[in-house]
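A quick write-up on the structure given underneath.
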Amino acid sequence: LYELFTGCDIVLRGECTDQLGIDCSHLLFDLYLDGQYAYPVNLPYYVIMDPFETPGSHELKLKYEGFEETTYPFSFEINTTIEVFEPPIEIIGNYTDYGIDENGDELYEELAIEFDVEVIEAGNYYFSGNLEISDDTCGQGGCGGISVYAGSDEYLSEGIHTIQLLFSGIDIYSEATDGPYLFDELVVYGGPFNLVINPEYQTRDYLYREFNPPWARLNYNFNDYGIDEDEDDAYDYLVVEVGVDVDIESEYRVHSYLSKDGEHLASYYIPEIHLAPGENTIELNFSGLQLYLGGEDGPYTLGNVQVSDV
């Protein structure tokens, strides 16, 4: 018995081996949802997009029918029951955006995007978002140049809440691309719940020079290694060392993530770290447990390292 939320996808993972021990994962299997044929799928990995729209018990079946004249003349099927629930949180929308100038220097430290959610089940929820340059906009840095990330981790009670995601002004300035910008991906995590939507919300026409220029820059000196703290022959952390050149001594926040083939596996966030002028090395300690649960072997891709002043 598996549990799923309405609007969520199912990831099929598995292997097929015949009676002789020969791999048969390349075969096409017929997928049935609640007894109705849907489409063919194959292993070892397949994503079933939004299979069940209503809560309740649902049946999923994989079936293969072999024929005598084929290499694999056997037939078999796999049946499972999936319990589908209403999601514990709903994205209402009502998107707005504005720049934040905290020190009054007429430059934005951050670009805020706000939206409303309705919480059905109180708990801790993590929100992350991606900001892309709009398809019809080309700034001084060229066309299609900007991708910046923001995240927010909050405990939310039942009811309506306004969520704020803060995108670094330094990151936006560094891309040298004028707006409008496109808020094109919103991810919500909460316990077993994982929701991805595409708001397609467009900001107003910001100029990239309206945002703070960077005080620190990556120098592209990288290194990585595993740490086994309890000596059980399994890494507790994957440490990625990132080289940073700093112009102005200050407190900075750092965020990055690891992915494999576009799939987000682990994030790491440093809310505050002191960096002195000159060359610095920042350690990003990615959770070994998160990587294990992601089910993907390396190598991994280090994505969108953000270093911004606090």
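Along the sequence shown, residues carry numbers from 1. Small disclaimer: the values here were computed from a predicted structure and weren't measured.
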More than 12 heavy atoms of other groups within 6.0 Å of Y46 OH: yes
E121 atom CD, neighbour heavy-atom count above 12 within 6.0 Å: no
Are [X] and [Y] side-chain neighbours, meaning at least one heavy-atom pair lies under 4.5 Å?
X: L275; Y: I282; result: yes
X: V188; Y: Y126; result: no
X: I82; Y: V84; result: yes
X: N212; Y: D105; result: yes
X: L111; Y: L166; result: no
X: D178; Y: D205; result: no
X: V187; Y: E185; result: yes
X: Y181; Y: F167; result: no

Evaluation steps, side-chain contact (heavy atoms from CB on, under 4.5 Å), between N94 and T96: CA-CA 7 Å; N94 300 328; T96 58; over 6 Å; no
If every non-hydrogen atom of [X] is compared with every non-hydrogen atom of [Y], which pair is closest and at what distance?
X: P87; Y: I120; answer: O-CD1, 4.0 Å
X: S128; Y: Y189; answer: OG-CE1, 4.1 Å
X: S157; Y: A122; answer: CA-CB, 3.9 Å
X: R253; Y: P271; answer: CB-O, 3.4 Å
X: F286; Y: V240; answer: CE1-CG2, 3.9 Å
X: H161; Y: G159; answer: CD2-O, 3.4 Å

Measure the [atom1]-[atom2] distance between [X] and [Y] for me, rounded to the nearest 0.5 Å.
X: L165; Y: L186; atom1: CG; atom2: CG; result: 6.5 Å
X: I92; Y: I89; atom1: CD1; atom2: CD1; result: 9.0 Å
X: I78; Y: L62; atom1: CD1; atom2: CG; result: 5.5 Å
X: T54; Y: D34; atom1: OG1; atom2: CG; result: 7.5 Å
X: I163; Y: Y125; atom1: CD1; atom2: OH; result: 10.5 Å
X: S168; Y: H255; atom1: OG; atom2: NE2; result: 12.5 Å

Which residues share a side-chain contact (heavy atoms from CB on, under 4.5 Å) with E106, sequence neighbours left out: none
Non-neighbouring partners of V11 that pass side-chain contact (heavy atoms from CB on, under 4.5 Å), sequence neighbours left out: R13, Y45, V47
Compute whether any side-chain donor of one residue and acceptor of the other, for [X] and [Y], lie under 3.5 angstrom apart.
X: T81; Y: E59; result: yes
X: Y98; Y: E114; result: yes
X: S57; Y: E83; result: yes
X: Y206; Y: D97; result: yes
X: N103; Y: E109; result: yes

Aromatic plane relationship, Y220 with F222 - under 30° parallel, 30 to 60° tilted, over 60° perpendicular: perpendicular
Plane angle bin for F183 and Y95 - parallel if under 30°, tilted between 30 and 60°, otherwise perpendicular: perpendicular
Look only at the side chain of [X] and the backbone of [Y], and say whether a donor-acceptor pair between them is shorter than 3.5 Å.
X: T203; Y: P180; result: no
X: N219; Y: N221; result: yes
X: T301; Y: G303; result: no
X: D228; Y: D232; result: yes
X: N198; Y: D184; result: yes
X: Y37; Y: L33; result: no
X: N280; Y: A276; result: yes
X: E210; Y: L207; result: yes

Derivation of the side-chain contact (heavy atoms from CB on, under 4.5 Å) call for E102 and E110: CA-CA 9 Å; E102 294 180 340; E110 293 166 310; 4.1 Å; yes
Geometric cation-pi criterion, R209 with F211: 6.0 Å, 45°: no
Would you say [Y] ends up clustered with [X] if hydrophobic residues are merged whenever their side chains have heavy atoms under 4.5 Å apart, either directly or through other cluster members?
X: L31; Y: I10; value: yes
X: L284; Y: Y235; value: no
X: V246; Y: I170; value: no
X: I273; Y: V305; value: yes
X: Y39; Y: F29; value: yes

Residues which pass side chain to side chain donor-acceptor pair (under 3.5 Å) with E90, listed by chain and number, not counting sequence neighbours: none
Audit row: V254, V242, side-chain contact (heavy atoms from CB on, under 4.5 Å) steps and yes/no: CA-CA 10 Å; V254 183; V242 179; over 6 Å; no
Return a table of donor-acceptor pairs under 3.5 angstrom between the side chains of residues 257-268 and protein atoms on other chains or two or more places apart.
unit_1 : atom_1 : unit_2 : atom_2 : d
K260   : NZ     : D297   : O      : 2.6
H264   : NE2    : S267   : OG     : 2.6

Contacts of Y292 that satisfy ring pair (Phe, Tyr, Trp, His ring centres under 6.0 Å) - sequence neighbours left out: none
Derivation and outcome, side-chain contact (heavy atoms from CB on, under 4.5 Å), residues E229 and Y237: CA-CA 8 Å; E229 290 185 333; Y237 298 98; 3.6 Å; yes
Of all pairs that satisfy salt bridge (charged side-chain N to carboxylate O under 4.0 Å, His left out), the ones with a partner from residues 236-252, not counting sequence neighbours: R217-D247
